[in-house]
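Starting from 1, each residue takes its place in the sequence as its number. Each ligand, and each atom within it, is numbered from 1 in the order the structure gives.
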Amino acid sequence: MINVIRVPAFSDNYLWLFHHSGSNRAYAVDPGDAQPIEKALQEHGLTLAGILVTHHHWDHTGGVDDLLKNRNIPVYGPHSNNIAQITHPLKDNEYLDLEDGAMGFKVLEVPGHTLDHIAYFSDEARILFSGDTLFAGGCGRMFEGQPAQMQGSLARLAVLPEETAVYCAHEYTESNLAFALAVEPENKDLVARVESVKQQRARGEATVPSSIGVELKTNPFLRVAESSVIAAAEHHTGTRPSNNAESFAAVRGWKDNF
Ligand SMILES: [Zn+2]
């Protein structure tokens, strides 16, 4: 069993620590800041055994140098040359075996937010570290990729088992769902989720992790083939999307100015 610990950082980032329940050797995912990671390690009695990075943005990598001081540990990440500290570059579909097989993650290349973005999926533990690609109720902005590419990346995540817990890197859920509701005001699952997330946030609770099943029902960026989303995209842009990439592009563009 894998324990995952949420480590809030900056204004709305979540860094993650995980470890096998029988071990105190932990791995940090996207440590944008070292200090909150060090604090969490201390609080939970864990030692840092490695670092996993999803993409090159500073809020996902900014703490790596400090965490490597006085530690000789591996840094896993994309095989692009964007991140100097990576010791173990990973390729698409590669299997990342940790702690002598106690934990394992499949590497999924999911370009779009950045071209080097990867996600980590544990089939056994049903855990996905999705970085800034798939958010609870939304998806990352396309800083480097094209709509067809980003939509393809999200579609790849959408077919993971529905019970997979989605650990994304930001608490954006409430604003994401406000937009989702503009796209699909008649979606009953979405209306219910908006209400429960509003209550969670009012209590100061995190809304991450989500799950693939919840996202399939409520996240417009995974629902670009649904007639309701296609109709909303057409209404917004004045042009009927002729495929999933166009539907995605219309909804993503709408969100960018929402
Ligand atoms: Zn990013």
- Query: Is the ring centre of Y27 less than 6.0 Å from the ring centre of H19?
  - Reply: no
- Note on the structure: Per residue H57, nearest N, O or S atom to the Zn ion (ligand 1) is named ND1
- Note on the structure: Among N, O or S atoms, H55 approaches the Zn ion (ligand 1) most closely through NE2
- Item | Apex the Zn ion (ligand 1) - arms OD2 from D132 and NE2 from H113 - angle rounded to 10° | 100°
- Can we call the ring centroids of F18 and W16 under 6.0 Å apart? no
- Message: Less than 6.0 angstrom separating the ring centers of F105 and F121, yes or no?
- Response: no
- How about H113 and H57: are their ring centroids closer than 6.0 Å? yes
